[in-house]
Amino acid sequence: MKPNNNDKKGHNLLWKIHHWAGLYTGIVIGILCLTGAIAVFIPEIDGWIQRRYYSVYTTPLSAPALPKIDNAFTEAKKQYPKMAGLLIDMPDRPEGIATFSFVVKGKDKASNQSYSLFVDPVHDKILGNRDRQNSLANYLRQMHVRLYEGFWGRQLVGLAGVAFVVVTITGFLIYGNFMKKQPYPKIRKKNVRILMADWHKILGISALAFNFVIACSGAWLGLQPKLMQWFDIKAPNDFKAEVIIDKKEDANIAVHWNKVFKVAKQEFPGLKPGYMRASEDGTATIEIHGSIDGQIYERNINSLVISKTTYKPLFKCDISKASFRDKFYSVQEALHFGDFGGLGLKILYAVLGLTSAFLSISGFVVYLHRTDKMKKRAISPLKTTFIYSILILLILIIIAMISMFIGYRQASFIAAIIVNGILAIFIIYAITNYILKKMKPKASII
Amino acid sequence: MNMKAFSLIQHKLIPTALIAGNIALVHLIYLLAKGDYSQTLSATALCIISLIIGILRANKYFLLAGIISYTILILSALIFLPA
């Protein structure tokens, strides 16, 4: 049975969409896949850095015992009496370290100082401190989530996720047409173009479901703040408490965190507190966010809000009892970061993530080979791809170095110039190319 | 093998088996990490074996068995999901 003309046109259109979406967003997708493959190990990397460079250790917390942080909190309050916006991060491993993150307000916003103290939740003492913003973990998170660009970086990442969905679906639809009589997983080694094209097809189809899930959840997570704002979507654990006292009075209420752990255990037995914070806006509340072992939901999506004065529960969000819509909302981040299946799943995610990054590279090599004769380039496609890859890696490493050894703000400033500069050049280039094509049908600067 | 059978296996069944295999592998690792050594774990492992044999030997029956059984397994797991 021969394919009819409509089938051919359809496949041609799908291929064109795959080609253009991949060509124009491939670099961003490649960077996101590479940083994502490393970012899945953020807790492990951060834990290792804490032990190796800050020498912070504790003994494992035995199962029925609750963490204790009251003395450490009193000590921190004594050292930094003007602390505000305290966020207490609890470890997810029994031998993990808790952290107190807060700011000490200066005369203006620029003179605000942020602090992060390491706290031993077993022996209830402060172990050390560091600048959290300048950590490797923060670099990996910021680079993957918003390309280190604060203004619209997250939206760009979301749009790259949409493009990734498009290339994944079109890739699946054109797969059969491109394989023809070639069986899976045969790789032909006739020349570099065929070799790369075969690897592109075989690895692409092998990791297709993974790529699709990562792309959909990534697109949602990237565009989430805007989509939630535009369509008035509420998070399942969204709770607005009433303002009942003065802000200053609220901030001055002493919180007994050890009692908070007891109340949480009593009111929400399965909850493993992930982070906690006390209100400073006059609502007189304490929020406890956490996870339940074995669930495939966003980390810390379950929550309990209690009164700061009476320690009575005011709101409880147990995702296992939530609606399908809320469960669907909560499953996205877990599926994207693969943190529900231990280290084994993280390794699988990293391998598949690197595979997806390779798809960007192999796709680019095939494109260069295909257009090589027409463009008469001086450098071979493999060399060009190698130079681009090294250049991108160098930029990523330089920003990481600036972030860790000079400062987050400086790194963010440089990343903003690079991201916005490349975006501006790209738009000007595309418009110029389009106008030139329209003026002279055969002339093109691509 | 005629072109129709080849196309069915290579262009349809193997890609579908790879999709099922991706999901099944993540499912298997999740069950192992959770310590849930139940019949679901054994059934998932059997489905993965069937899919692997089907893909490597390009065998229609192994592919269909793996795809259908894992689809039933995952759907029933989702429907009867406790939390």
Side-chain angles (χ1 to χ4, degrees), chain A residues 1-3 168 171-186 201-214 270 291-297 302 318-322 324 327-328 330-331 334-335 338-349 351-352 355, chain B residues 1-38 40-41 44-45 47-48 51-60 62-63 66-67 70-71 73-75 77-83:
Chain A
M1 196 168 67
K2 283 181 181 176
T168 307
F172 176 61
L173 295 174
I174 61 175
Y175 172 77
N177 210 35
F178 272 82
M179 288 299 277
K180 290 187 180 119
K181 289 180 182 175
Q182 186 187 349
Y184 177 93
K186 191 183 171 190
K201 289 182 284 187
I202 298 301
L203 289 179
I205 201 73
S206 302
L208 191 109
F210 169 80
N211 283 340
F212 185 71
V213 170
I214 291 298
S291 311
I292 297 171
D293 277 339
Q295 285 189 344
I296 313 177
Y297 296 120
N302 296 283
D318 183 350
I319 288 297
S320 61
K321 289 173 187 158
F324 176 78
K327 282 182 177 171
F328 188 70
S330 311
V331 88
L335 287 179
D339 57 359
F340 56 89
L343 194 62
L345 191 60
K346 287 187 177 188
I347 293 169
L348 179 71
Y349 261 59
V351 171
L352 291 173
T355 305
Chain B
M1 193 190 287
N2 63 28
M3 194 54 205
K4 206 175 170 186
F6 180 86
S7 176
L8 173 73
I9 293 170
Q10 293 293 337
H11 301 162
K12 291 187 174 69
L13 289 179
I14 288 181
T16 314
L18 287 165
I19 292 170
N22 271 208
I23 304 165
L25 190 58
V26 171
H27 191 179
L28 182 84
I29 296 172
Y30 165 67
L31 291 172
L32 285 170
K34 201 178 159 191
D36 184 356
Y37 303 109
S38 61
T40 314
L41 180 79
T44 309
C47 289
I48 291 174
L51 289 169
I52 292 171
I53 296 172
I55 291 166
L56 294 179
R57 297 182 66 88
N59 185 301
K60 187 165 77 174
F62 273 104
L63 285 167
I67 295 165
Y70 188 66
T71 308
L73 180 84
I74 194 74
L75 286 177
L78 284 171
I79 292 165
F80 302 113
L81 196 71

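Below, read A as the first sequence line, B as the second, and so on, with proteins coming before strands; counting in each chain starts at 1.
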Colleague: Please step through side-chain contact (heavy atoms from CB on, under 4.5 Å) for the pair A/F210 and B/L18, ending with a clear verdict.
Modeller: CA-CA 10 Å; A/F210 169 80; B/L18 287 165; over 6 Å; no
Colleague: Which atom names give the shortest non-hydrogen contact between B/Y30 and A/F340, and what distance separates them?
Modeller: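 Where B/Y30 meets A/F340 most closely, the heavy atoms are CD1-O, 3.3 Å.
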Colleague: Would you indicate whether the side-chain heavy atoms of A/L348 and B/V26 approach each other to under 4.5 Å?
Modeller: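 B/V26 reaches A/L348 side chain to side chain.
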Colleague: When you look at B/I19 and A/F172, which way does the side-chain contact (heavy atoms from CB on, under 4.5 Å) test go after all the steps?
Modeller: CA-CA 10 Å; B/I19 292 170; A/F172 176 61; 3.9 Å; yes
Colleague: For B/F6, does the CZ atom sit with more than 12 other heavy atoms under 6.0 Å from it, leaving out its own atoms?
Modeller: yes
Colleague: Checking B/H11 side chain against A/Y175 main chain: does a donor-acceptor pair fall under 3.5 Å?
Modeller: no
Colleague: Which distance, rounded to the nearest 0.5 Å, do you find between the CE of B/M3 and the NZ of A/K181?
Modeller: 6.0 Å
Colleague: Against chain B, work out which of A/G294, A/A207, A/P185, A/G338 has the most heavy-atom pairs shorter than 4.5 Å and name it.
Modeller: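 Of the options given, most contacts go to A/G294.
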Colleague: So which atom in A/G341 and which in B/I29 form the shortest heavy-atom distance, rounded to 0.1 Å?
Modeller: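 Of all heavy-atom pairs spanning A/G341 and B/I29, the closest is O-CG2, 3.7 Å.
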Colleague: Nearest 0.5 Å, what's the NZ-CD distance between A/K180 and B/Q10?
Modeller: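 A/K180 atom NZ to B/Q10 atom CD measures 15.0 Å (nearest 0.5 Å).
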